[in-house]
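Chain A is the first sequence line, chain B the second, and so forth, proteins listed ahead of strands; every chain is numbered from 1.
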2 protein chains.
Amino acid sequence: MAKTTRGPSMHDVAARAGVSHQTVSRVLNGHHSLRPETRDRVLEAIAALGYRRNLAARALVTGRTQTIGMVGPDSAEIGPLSTLHAIEKAAREAGLSTLMTSAEPSREQMVESVEFMMGRGIDALAVVAQQVGITAAIDELNLDVPVVHLLAGDQDVSTFATVDQKAGVRLAMDHLRELGHTRIQHISGPATHGEARSRRAAFENYVAQAGLEVLPVLDGDWTSDSGYEAGKLIDPSATAIFSANDQMAFGVIHALSEAGVRVPHDVSLVGFDNTAEARHCLPPLTTVVQDFGAVGQAAVDLIGGLLQGHDVEPVLVAPSLELRESTAAPRA
Amino acid sequence: MAKTTRGPSMHDVAARAGVSHQTVSRVLNGHHSLRPETRDRVLEAIAALGYRRNLAARALVTGRTQTIGMVGPDSAEIGPLSTLHAIEKAAREAGLSTLMTSAEPSREQMVESVEFMMGRGIDALAVVAQQVGITAAIDELNLDVPVVHLLAGDQDVSTFATVDQKAGVRLAMDHLRELGHTRIQHISGPATHGEARSRRAAFENYVAQAGLEVLPVLDGDWTSDSGYEAGKLIDPSATAIFSANDQMAFGVIHALSEAGVRVPHDVSLVGFDNTAEARHCLPPLTTVVQDFGAVGQAAVDLIGGLLQGHDVEPVLVAPSLELRESTAAPRA
DNA sequence: TGCTAGACTGTGACCGGTCCCAGTCGGAAG
DNA sequence: CTTCCGACTGGGACCGGTCACAGTCTAGCA
């Protein structure tokens, strides 16, 4: 195989435009003191030669790689993945690239991923982790780059961008209550996940404040399998179920259907996430929508601010509710 | 904000170990002519100083970035995403990092993504695209790095790693035929997708060779919405449906259920992909399983071979069939 | 006219590695 | 005893940018 062919360098461009390499650099970096004619000549030379700035050289001298690192989960969950996508897109629009690593949600794996990226050189870090404690573990590393947390449930960390979980729960519960439900059961995500804890806490608060009936919370782990199991344990007196995510809601429907319980005729069901399938399960699922694109964009904005040394405010993105056919007024 | 603190350099290590920077480099690169004692002294110095090799400097002189670029789709489809994950994982284990970009499945966006990554410097490119024509478009760019295609339907390209679509279709069809079905209808993915075309072609071949009844193919676009629409058009004489993916199968179930048609009592249904939900839709879906992890690993292996200048063979990963409850013998 | 600020451009050091070349040293071969 | 070779090590150029600094030239002002 041929040796890597090196493209033209700044010197080549400079030679063709009849200027010094430094002037080329100035054109590239948008320096103001440049005769338009000179700039044009340089630009013409760049175009003619197909010149592309060598980022390794740039990184070597500036100490910045124009790259933001991302750690995401190993799984194919819709929320984290959409968020990673959104970050990537927003970053690229800002001229930054993204180095992605996925990691099992263990402290060790996460830290290893981060170390790997620090070794490659990144200017900032975006952590897309739902596990409680991950944020703390990463803060302990005392990285010398800005860190932004996404989807973090424990929002005591300084810098994060995430969907407002409390507001999402309120949307779902307001909807059920307006329909007339007072006996609402919650199926929670794993207690190890910050989001699951947030939703559960918000649910319990809501129930207490609204004076609703208190029914035991069923523990799930996000998977439809666990939803299926939880579905078998639904309290017969419950008239509505609020599942902490859509996947589990699917499992619940499966279990209920096997037990001859009809949704929404016998019991109403609300999910969380608005996955692609939510629209076509039976019945189509009413669910809370999270705008992951906005979260990703917010994260990149935060990073941009931090890189310029500004103080930044955490961002909470507002959720919305998608009404479908899995909710109705209670039968009684 | 503090200036980026530069870590220790090779010179610092060399000074501490009482050798030259060149010797340090040799230790790092595993040169053989080194006194063990010298090596140990250097390693000790590296550990003591927490030295990490600067990859920008390395890239500058070698012209290699130790990074492989990936273009993936903009959407959250399970197949491509799992594949990207798998590549990332395999790459990291091989000491490479991955630069990910997502792109709308248009020629322009894809090319733009690739250009972006070439500008950042990548040693190889993995294309996770399903669109027909993308491979050609990228080949036309005449990149001077090795390119591997994944999930590409048009397998006339030289280097690819993908699941054997034909074998997957055969698994599904053999299963249906063994149950006794002869009137099988296919719901295809979009004709713009290579995989959809492969599956459809394999289906039609199978029908012809096995002498099965020929029923019109219904056109879908991967979404459960389109499956829902197709579900309304199912031929009443069909006893089984082979959907080109799971999402569409969900839509089909939705439509059939509205029409009072029961799966599998009245009609059998097979999907493709084994999404997380397939296990818990009603009824749980029999579907073809693709091992995306294997595909990703194979891609990295291919890239490794290409980078060393070897000739490599394309890889076809064998699929399997997950039997669930959506298939049964025809009623008649 | 002389002086100066500001616009514009060039020169050379430097970032931190790798590569090429050359050097030292001990033991084996002639 | 010389010669040669291989093991081991060091010196310096170089990759392609950015930075600090210094120059040239023009216009404005006293």
What does the B/S/- profile of nucleotides 17-29 of chain C look like, 5' to 3', with a 4.0 Å heavy-atom cutoff to protein?
BBBB---------
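- Here CG of A:L60 is found 12.5 Å from OG1 of A:T65. Values are rounded to the nearest 0.5 Å.
- The two residues B:V42 and B:T23 come nearest to each other via the heavy atoms CG2-CG2, 4.5 Å.
- One N or O on the side chain of A:T62 and one on the backbone of A:R58 form a donor-acceptor pair closer than 3.5 Å.
- Taking atom CG of A:L49 as the reference point, atom C1' of D:dG16 lies 15 Å away to the nearest angstrom.
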Counting primed atoms, P, OP1 and OP2 as sugar-phosphate and everything else as base, the B/S/- map of nucleotides 3-8 of chain C against protein heavy atoms under 4.0 Å is ----SB
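- Ring geometry for B:H11 versus B:H21: interplanar angle under 30°, hence parallel rather than tilted (30 to 60°).
- Contact check on A:R92 versus A:E88 returns a salt bridge, with a Lys/Arg side-chain nitrogen under 4.0 Å from an Asp/Glu carboxylate oxygen.
- Here the P atom of nucleotide C:dC15 and the CG atom of B:L55 are 18 Å apart, to the nearest Å.
- Enclosure of atom CG in B:N29 by more than 12 non-hydrogen atoms of other residues, nucleotides or ligands within 6.0 angstrom is indicated.
- In this structure, B:R26 contributes its side chain and B:S33 its backbone to no donor-acceptor pair below 3.5 Å.
- We find the CD-CE distance between A:Q131 and A:M110 to be 6.5 Å, quoted to the nearest 0.5 Å.
- Comparing B:L60 and B:S20 along DNA chain D, the residue whose closest nucleotide (by nearest heavy atom) sits nearer the 5' end is B:S20.
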